[in-house]
Amino acid sequence: MANLLPELLRELRFALSERTVVYVLVATVALSSLALIAGLANVAQQSARLHTLLPSIENEKEQALAAQSDVGSAAYYVFHLTYDLPSDLAFVALGMRDELPWLHRVRMLALEGQIYENDPGNPELSSLGDLDFAYLVSIILPLLLIGLLYDLDARERRDARYELLYATSARGGRVLHIRGLARTLLLLGAILIPLITIALVVGRWHTGLIAVVLAVIIHAMFWLIVSRLIAVRVYEASTAAAVLLGAWLLMTVLIPVMGKYLTERAIDVPHGGNILFLQRETVNDAWDLPKIDTMDAFASRHPEWKDVTIEKPFEWRWYYAFQQVGDQEAEPLSVALEDGMRERARWMSRIALLSPPLLVEQWLTKLAKTDTRQHMAYMRCVRDFHSSLREFHYPMMFGRQEFNEINMSKLPQFKPCGI
């Protein structure tokens, strides 16, 4: 153990003297920097969009409120911006922010149609995606390590030094193990130094970065162990490379893709378009139904308004009542969608135990708060806010409070929330 550090330093110098290793390290630094810059640019674009929309929405809200003379019109024309703020670590793993909406412009109308109007489809819990730091660590890092480690033993056999190494080393392959460790540490430095440097420069240093660094190190050490286990048992370098690439393909592609396929087949999830269609169909049909039917369905959730009668051909309270009934009709599908997403995510977490690349990708998105759980927390936040809008407007709409500037000044404001 006392000789480990000198041997490690010797192998580090030896590795840096090889042109191929240097090329790989330079390419890794470039890839890591590119992935991080792309993540920062994506997050900056989302933040800029949000900072542009917030003042615009507030100005539009003030103008709309000033122009209305009744609560029904005010509720109809006033829009509210709901959003999920990117976390300090979002640039490390963009996760579901690239696939699922993180911003909505909502008003007092039926909510389900507003949420799923631009629904991109059911979420796909796949390990493959756009280039970001999480993709680099989970998908590309194993390939880079395989390229550096696959021929350590075969090269020594080819040059007839293998037996000599074992004869002069007290523990046989110790030298080659240290050589593999040295190359792994160099690759880790090429990946992590840009991360730490960029985080410090742009002011994104966060205690969660320590967990990110640990995840990268653990993942690299896993592939170091796999590479050493295979390399010491395979004579030819080409065979070792083929076996390692097969292991990479199995754990990085086949297990996640097959797991995703089987999970989607086993756990049925409604499409957002079906929820949108059912909600809008219910709202459109309400125009032709007896008003008492709509008010009875509405009163099942709001018994405090069960004695309200609709006497005119059109009244705002009847209009908003059937908007809520539309949401009530779509609620079972909406709940099924959330439950299905949650169950799929749970099963993919279990499948990730068989796929370290998928496991590290899920861990990084969890740290960055860009995973499915965060998206569902945001959707719950939107629904809670929309419910607060209804609770705020209904007393004025049903005559218990007066519509005036003082009461409307208490209009609920959206506040981001998460897990």
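Owing to the predicted nature of the structure, the values given are computational and were not obtained by experimental measurement. No hydrogens, no waters, no symmetry mates; every other heavy atom, side chains included, goes into these values.
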Geometric class of the W287/F314 ring pair [parallel <30°, tilted 30-60°, perpendicular >60°]: parallel
Backbone N/O of F385 and side chain of S388: donor-acceptor pair under 3.5 Å: yes
Side chain to side chain, H104 and M379, heavy atoms closer than 4.5 Å: yes
K369/D84 ion pair, N-O < 4.0 Å: no
Over all atoms of both residues, closest heavy-atom pair of R183 and L148: NH1-O, 2.9 Å
Heavy-atom side-chain contact between L131 and L34 under 4.5 Å: yes
Neighbour count above 12 (heavy atom, 6.0 Å) for F277 CZ: no
R350 atom CZ, neighbour heavy-atom count above 12 within 6.0 Å: yes
Atom of S32, atom of I191 and distance for their closest heavy-atom approach: OG-O, 2.8 Å
Minimum heavy-atom distance between F91 and A199, given as atom pair plus value: CZ-CB, 4.5 Å
L181 side, atom CG; L4 side, atom CG - distance, nearest 0.5 Å: 7.5 Å
Test item: T370 side-chain N/O and M96 main-chain N/O as donor-acceptor pair under 3.5 Å: no
Backbone of Q63 reached by a side-chain donor or acceptor of Y77 within 3.5 Å: no
I406 atom CD1, over 12 foreign heavy atoms within 6.0 Å: no
Atom pair CG/CE of L185 and M221 - distance to nearest 0.5 Å: 5.0 Å
Donor-acceptor contact below 3.5 Å, side chain Q114 vs main chain R107: yes
Minimal non-hydrogen separation, A352 against Q362, with atom names: CB-OE1, 3.5 Å
Within-4.5 Å side-chain heavy-atom neighbours: H386 and I115: no
L244 vs L145 side-chain heavy atoms within contact, under 4.5 Å: no
Side chain proximity check, I193 to V29, heavy atoms < 4.5 angstrom: no
Side-chain (S87) to main-chain (A368) donor-acceptor, under 3.5 angstrom: yes
Donor-acceptor under 3.5 Å (T365 side chain, E361 main chain): yes
Salt bridge present between E112 and R383 (N-O < 4.0 angstrom): yes
Euclidean distance, K415 NZ relative to Y83 OH, rounded to 0.5 Å: 10.5 Å
Heavy-atom side-chain proximity of Q374 to D371 below 4.5 angstrom: yes
Main-chain N/O of A110 paired with Q323 side-chain donor or acceptor, under 3.5 Å: yes
Residue pair L36 / L136, side-chain heavy-atom distance below 4.5 Å: no
I310 side, atom CD1; W316 side, atom CH2 - distance, nearest 0.5 Å: 13.0 Å
Among R380, R373, R344, the one residue meeting salt bridge (Lys or Arg N to Asp or Glu O under 4.0 Å) with E338: R380
Within 6.0 Å of CH2 in W305, more than 12 heavy atoms from elsewhere: yes
Reported CG-to-CH2 distance for the pair L89 and W205, which is rounded to 0.5 angstrom: 10.0 Å
For the student: nearest non-hydrogen atoms of E311 and E315, plus distance: N-OE2, 2.9 Å
Pair E99-H375, side-chain donor/acceptor within less than 3.5 Å: no
Close side-chain approach of V43 to S47, heavy-atom, < 4.5 Å: yes
Side-chain donor/acceptor of Q279 to backbone N/O of A330, under 3.5 Å: no
Approximate separation, where rounding is to 0.5 Å, of L186 CG and T28 OG1: 10.5 Å
Over all atoms of both residues, closest heavy-atom pair of D70 and F403: N-CE2, 3.5 Å
Residue W363 excluded, over 12 heavy atoms near CH2 under 6.0 Å: no
Salt bridge flag under 4.0 Å for residues D327 and R390: yes
Donor-acceptor contact below 3.5 Å, side chain Q328 vs main chain A297: yes
Modelled atom types, side-chain donor and acceptor of R97 and Q46, under 3.5 Å: yes
Expected output: side-chain Y320 to main-chain Y76 donor-acceptor under 3.5 Å: yes
is_close_aromatic(W318, F298), centroid dist under 6.0 Å: no
Residue pair R301, E331: steps toward the salt bridge (charged side-chain N to carboxylate O under 4.0 Å, His left out) verdict: CA-CA 13 Å; R301 295 290 180 90; E331 185 178 28; 2.4 Å; yes
